[in-house]
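To start, the structure itself, in structure tokens.
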Amino acid sequence: MSRVWKADWLTAPEFGGLAPLSLLYKELGGPPPAGHPPELRNYHMLLRKTFECGRLPKEAVLDISADDNYKLYINGSFAAQGPSQGYPYHYYYNRIDVRPFLQEGTNVIAVHVYYMGHVNRAMNSGDLRQGMIAELNTEEGTVLATDASWRCIRTWEYGGAESETTGNDTQVLEHVDSRLRHFGWKEVSYDDSNWRPAVVNKNHGYTLVEQETPTLQVSKLDPAHVKRLSEGHFLIDFGTEITGQFTLRAQGKSGDRIEIRCGEELASDGEHVRCDMRCGCLYREIWTLSGQVEEPEYYDYKAFRFVEVIGPEVAIDVGSFAAVVRHYPLDPEAACRFTTADERLQGIWDICRRGVLLCSQESFLDCPSREKGAYIGDAGITAYVHMYLSGDTRLVRKTLRDFALSSRICPGLMAVAPGSFMQEIADFSCQWPQQLLTYYRYSGDEDFLREMYPYAEGVRNYFETFARHDGLLENVNEKWNLVDWPESMRDGYDFNLSNPIGAGCHNVINAWYYGCVSAVQEMQNILNMPHKDRLTDLKQAFIRAFWHAGTGLFVDSEGSPHSALHSNVLPLYFDIAPAESVPSMITFIRQKRLSCSVYFAFYLLKALARAGEYELIYELLTCHDERSWSNMLREGATACFEAWGKEQKWNTSLCHGWAAAPVAVLIEDILGLKPAEPGWKMISFTPHLPPSMPSFHLELTTPAGQITLEYVDGSIRGPVVRTGNN
């Protein structure tokens, strides 16, 4: 909740007299306003404040926020980074216990604030809102707050406005020049007398709200293997996909240069890193040495596994190679552990688990490389799996709220939130009420369901404006109609899906709308709200428009003879299909198999579960097809891919949480564990183990406690539930 601050919002002097730019608009409503000074792009600001501490307090909490974000150091030690991105009218601050970092006598708080300065998916940036606010409270009250006595300086160590971006403009390459570093600036003894006073911004316009999720978990990882290719030329393999920064130590002559290339895979020769990555990121940076013993302090993070280092060998400390890994605080091995002797099934579980881990940052990202953006559709799968892997619902709850807050731009919600990148996808927006219900079933948090209900109703009402006389939607042309992505995975879907779309009425958007209406009605039932049934008539209209009685299949659009996989999966998933058509639809799906994307495969497998086709589910989960999770393993995956294979999409990222369906499907539909009542107050256990199911051991953390389940030599043991009371 918001609060009254004694602290002032500080900004760099260059931003002091600038009015914020308004960047929130409908995607098809026109471009954002111009007027951002180009010289203020890629702005790195350092701030410092020393203070005295006569005796160590019993409690010391620092409330801090920054735009775009910050890294916090106290007495030279890294303390935290954040905040999660937010809209100005709901901007997050972090509450951090800093007592372990304090010392008697003189202390210093040092903050590195970064402002990217252009519109993109990763940062809520480009709006000329820059700066920081902080307040230190102990048992004696507020003992320190940001004000005009804080000192600041722009550091040019990371380049300036001319620095190139990579990915979808979501990262500025950091050609670090250590000759421009302010060595020792985080330490108490540093002399900042030549720094400028920060400017107090009284008209910043933020509504600051405490971030309900913890700050990121940061850890060090040593290489799995280091190979010397030639003098001063090294290939480093960390053994698995990671999100973070590469680090090393070096001492050379001032002006010596070390080239650092990062990538998710090796080039075709197996000896060099593919730094010009297939996902569209070019991870090639130059580090210029100062002559001192030093490490490059990269600010932003990358998605990578391999690193190539090229420089003067005499300068490079080979034993210092390491990675600084970052993600949402989660130990999936402790919270949810699945083990089996079946290497293929274990491998599929492991790559899906790691994909979700690495895409769970301060939001659920579609990928931590090219886009670094929080998409509703990606989050619907990643968040679903994350709850099972972590037993933690806080990031899911925050994500649902972030998208609800985008209703200020459009009541039908934005596809990416929060942020200044305006994109709208109708399919994804219709999924948000279902995601809210999923959260409620897992958590039992009825208060949050009640709080969010008006936004769900707002989504339904928004799409209802596109309804014709029979209730079906047509010409939903304010938002992109996705169906599936990439386009090659749409199974020949017969409708003009240009943006804006062609005229007419098509199957998939109406199926998602039916799911939206169904979710809202279920919420109304849960919350004891009177309502009129809309589903019966809507189902009949859907069947009249799209069902072909002769084939028993659904077609893609009115008047089309074509039946795509997608047009039949969703009517099965939402229980729209007439009972007599289900056998034909199952036969059709059995023939089509995974003729869709990894994203849509989640709904395909869940639709089969509704139809009771568990052996087919397991077959598709573990099959060797070109489109399969096994194909990812064949191609060397350590995290689940964006597509079924590296070459099956023109810009495939090799870490994409939306491909993690097997985790949830295995737990809920094959092993048969799910909440029978919201919050796991009662547990449903209905196993559907196929004859080929190998032995396994599962430990699962839920709101009800930890559940243990084993399957050994054809015999099920459990589930055993251990709560905090036993």
Side-chain angles (χ1 to χ4, degrees), residues 44 64-66 68-73 77-85 92 94 96 111-114 116 121-124 158 166-167 170-174 176 211 213-224 236 238-248 260 262-264 279 281 283 285 295-307 321-335 353-374 382-383 386 389-390 392 394-395 398-399 638-639 653-657:
H44 288 263
I64 181 170
S65 187
D68 297 332
N69 53 31
Y70 70 85
K71 290 189 177 180
L72 169 69
Y73 304 87
S77 296
F78 173 78
Q81 61 188 29
S84 178
Q85 296 297 287
Y92 293 108
N94 301 122
I96 301 165
V111 188
H112 185 163
V113 175
Y114 180 53
M116 188 177 284
R121 296 165 176 83
M123 298 282 190
N124 191 19
Y158 302 88
T166 193
T170 49
Q171 184 164 354
V172 179
L173 292 179
E174 297 178 82
V176 172
Q211 186 175 310
T213 53
T215 56
L216 295 179
Q217 177 179 319
V218 179
S219 59
K220 209 80 173 282
L221 180 67
D222 292 326
I236 302 105
F238 286 95
T240 186
E241 181 94 5
I242 60 175
T243 52
Q245 300 103 3
F246 174 69
T247 186
L248 75 160
I260 299 173
C262 298
E264 294 180 303
C279 69
C281 292
Y283 286 160
E285 294 167 321
E295 297 181 8
E297 294 187 357
Y298 292 112
Y299 192 91
D300 211 340
Y301 70 96
K302 302 176 177 69
F304 64 98
R305 171 181 171 177
F306 299 97
V307 179
F321 295 159
V324 179
V325 183
R326 52 167 271 169
H327 51 73
Y328 183 84
L330 167 63
D331 181 357
E333 290 289 344
R353 174 179 57 83
R354 188 148 192 89
V356 170
L357 173 71
L358 300 181
C359 289
S360 301
Q361 298 288 326
E362 288 157 326
S363 298
F364 291 114
L365 307 184
D366 70 334
C367 67
S369 53
R370 179 185 68 246
E371 291 178 312
K372 297 185 176 182
T382 308
H386 184 271
L389 290 177
S390 67
D392 182 351
R394 291 174 293 178
L395 187 57
K398 174 190 168 294
T399 298
T638 58
S653 81
L654 304 189
C655 181
H656 224 90

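The figures here come from the full heavy-atom set of this structure, side chains too, leaving out hydrogens, waters and symmetry mates.
Using a 4.5 Å heavy-atom threshold, the side chains of Tyr301 and Leu216 count as separate. Leu357 places a side-chain heavy atom less than 4.5 Å from the side chain of Leu330. The shortest distance between side-chain heavy atoms of Phe78 and Leu72 does not fall below 4.5 Å. Taking the side chain as every heavy atom from C-beta outward, Ser65 and Tyr70 never approach each other to under 4.5 Å. Side-chain contact between Leu221 and Ser219 is absent, with no heavy-atom pair separated by less than 4.5 Å. In this structure the side chain of Asp300 reaches within 4.5 angstrom of the side chain of Lys372, judged on heavy atoms. Considering only heavy atoms from C-beta on, Tyr298 comes within 4.5 Å of Val176 through its side chain. With contacts defined as side-chain heavy-atom distances shorter than 4.5 Å, the pair Glu297/His112 does not qualify.
Using a 3.5 Å distance cut-off with no hydrogens or angles, the side chains of Thr240 and Arg354 do pair a donor with an acceptor. No hydrogens or angles considered: a donor-acceptor pair under 3.5 Å links the side chains of Gln361 and Thr243.
Not one N or O on the side chain of Asn94 forms a donor-acceptor pair closer than 3.5 Å with the backbone of Ile96. Panel note: side chain Glu362, backbone Thr215; no donor-acceptor pair is recorded below 3.5 Å. Side-chain atoms of Gln211 come within 3.5 Å of backbone N or O of Ser84 as a donor-acceptor pair. For Gln85 (side chain) and Asp68 (main-chain N/O), a donor-acceptor pair under 3.5 Å exists by modelled atom type. A donor-acceptor pair under 3.5 Å links the side-chain atoms of Thr170 to the main chain of Arg370, judged by distance alone. Of the possible donor and acceptor atoms, one in the side chain of Ser653 sits under 3.5 Å from a partner among the backbone N and O of Cys655. Side-chain atoms of Gln171 do not come within 3.5 Å of backbone N or O of Thr166 as any donor-acceptor pair. Judged purely by atom type and a 3.5 angstrom limit, Glu241 has no side-chain atom pairing as donor or acceptor with the backbone of Ala639.
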Pair Tyr73-Lys71, side chain to side chain contact (heavy atoms under 4.5 Å, CB included): steps then yes or no = CA-CA 7 Å; Tyr73 304 87; Lys71 290 189 177 180; 4.0 Å; yes
task = Output, in order, the C-alpha distance, side-chain angles, deciding distance and verdict of side chain to side chain contact (heavy atoms under 4.5 Å, CB included) for Lys302 and Glu285.
result = CA-CA 12 Å; Lys302 302 176 177 69; Glu285 294 167 321; 2.8 Å; yes
request  = Starting from the C-alpha separation in whole Å, work towards a yes-or-no answer on side chain to side chain contact (heavy atoms under 4.5 Å, CB included) for Cys367 and His656.
outcome  = CA-CA 5 Å; Cys367 67; His656 224 90; 3.3 Å; yes
inquiry  = Test side chain to side chain contact (heavy atoms under 4.5 Å, CB included) on Asn69 and Met123; report intermediate values, then the result.
reply    = CA-CA 9 Å; Asn69 53 31; Met123 298 282 190; 3.2 Å; yes
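Classified by interplanar angle (parallel below 30°, tilted 30° to 60°, perpendicular above 60°), the ring pair Tyr328/His386 is perpendicular. Taking the six-membered ring where tryptophan is involved, the planes of Phe246 and Phe238 are perpendicular, since the angle between them exceeds 60° and thus also 30°.
Rounded to the nearest 0.5 Å, atoms CG (Asp331) and CD (Gln217) are 7.5 Å apart. To the nearest 0.5 Å, the span separating CZ on Phe304 from CD on Gln245 amounts to 8.0 Å. A distance of 9.5 Å separates CZ of Arg353 from CG of Leu358, quoted to the nearest 0.5 Å.
Residues Ile236 and Pro223 come closest through the heavy atom pair CG2-CB, 3.6 Å. Nearest heavy atom pair, residue Glu264 against residue Ala303, reads CG-O, 3.6 Å. Listed here is the closest heavy atom pair of Gly239 and Arg305: C-NE, 3.6 Å. Of all non-hydrogen atoms in Ala66 and Pro83, the two that sit nearest each other are O-CD, 3.4 Å.
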